[in-house]
Amino acid sequence: MKQNLILIFIILFATVAFLINRSRLHTTQSNLNHIDHKKEKHLHQNSKEKIEDIHSVKYLESYIEDVINNGSSQKLGFAYGDMQAGFADKDAAKKIAAYVVTLSGKQPTHPEWVKEGHTFYISNCGGCHGEDGKGIHGTFPDLTRETLLGIERR
Ligand code: HEC
């Protein structure tokens, strides 16, 4: 009789312990799910922002400026090879970038630089990329493309 009572106590204890443990596990899991969900949402927002960014005119202008100031050795597949840095000085580079974005029909951040940028472009860039910016197929890249090759690659 006494032994049975002890047995019942043990079973009761084990059941209660099991139930408490299970409910604890459940709350931790749902917390984890919640965190994962939040993370996912955050990541999603971030990558969307990046994609919008890379297609913005600001990004394009800074890409062009960077190529003028630092050159381009991206191996874009043109027979001429790399483009050296410094075909124009830094101040001219900004203005040229404003002009170059208009070649693909975009509205530059500083429209007031376009006219001067055009003049600089003709004397500093036109020799290779062509006065119309269309380049020479296979030798110099076309700057009138909707998305420039270096950006497309990114
Ligand atoms: C001597 C010839 C030459 C001159 C001058 C020159 N470029 Fe280039 N440019 C190239 C070549 C070749 C490439 C491709 C380089 C590579 O593969 O990374 C290039 C690449 C570029 C790119 C990247 C194109 C893309 O599709 O991503 C831009 C933008 C550019 N040039 C703008 C200019 C501007 C603006 C000027 C004038 C300041 C200029 N270039 C002057 C030869 C030239």
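Whatever order the structure lists them in is the order used to number ligands and atoms, beginning at 1. The first residue of the sequence shown is numbered 1, and numbering continues consecutively from there.
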Test item: E116 side-chain N/O and K95 main-chain N/O as donor-acceptor pair under 3.5 Å: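 No, E116 side chain to K95 backbone: no donor-acceptor pair under 3.5 Å.
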
Side chain to side chain, Y99 and V114, heavy atoms closer than 4.5 Å: yes

Non-hydrogen side-chain atoms of E152 and R145 separated by less than 4.5 Å: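 Answer yes - side chains close enough.
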
Option nearest atom 1 (C) of ligand 1 (shortest heavy-atom distance, choices S123, A79, C128):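 Going through S123, A79, C128 one by one, C128 has the nearest heavy atom to atom 1 (C) of ligand 1.
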
Any idea which part of [X] is under 4.0 Å from ligand 1, heavy-atom wise: side chain, backbone, both or neither?
X: S73; answer: backbone
X: I151; answer: neither
X: Q84; answer: neither
X: P141; answer: side chain

Under 3.5 Å between some N or O of ligand 1 and some N or O of [X]?
X: A88; result: no
X: Q74; result: yes
X: S72; result: yes

Pair K106-S104, side-chain donor/acceptor within less than 3.5 Å: yes

Shortest protein heavy-atom distance from atom 36 (C) of ligand 1, along with the residue and atom involved: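 Sorting protein heavy atoms by distance from atom 36 (C) of ligand 1 puts C125 SG, 2.8 Å first.
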
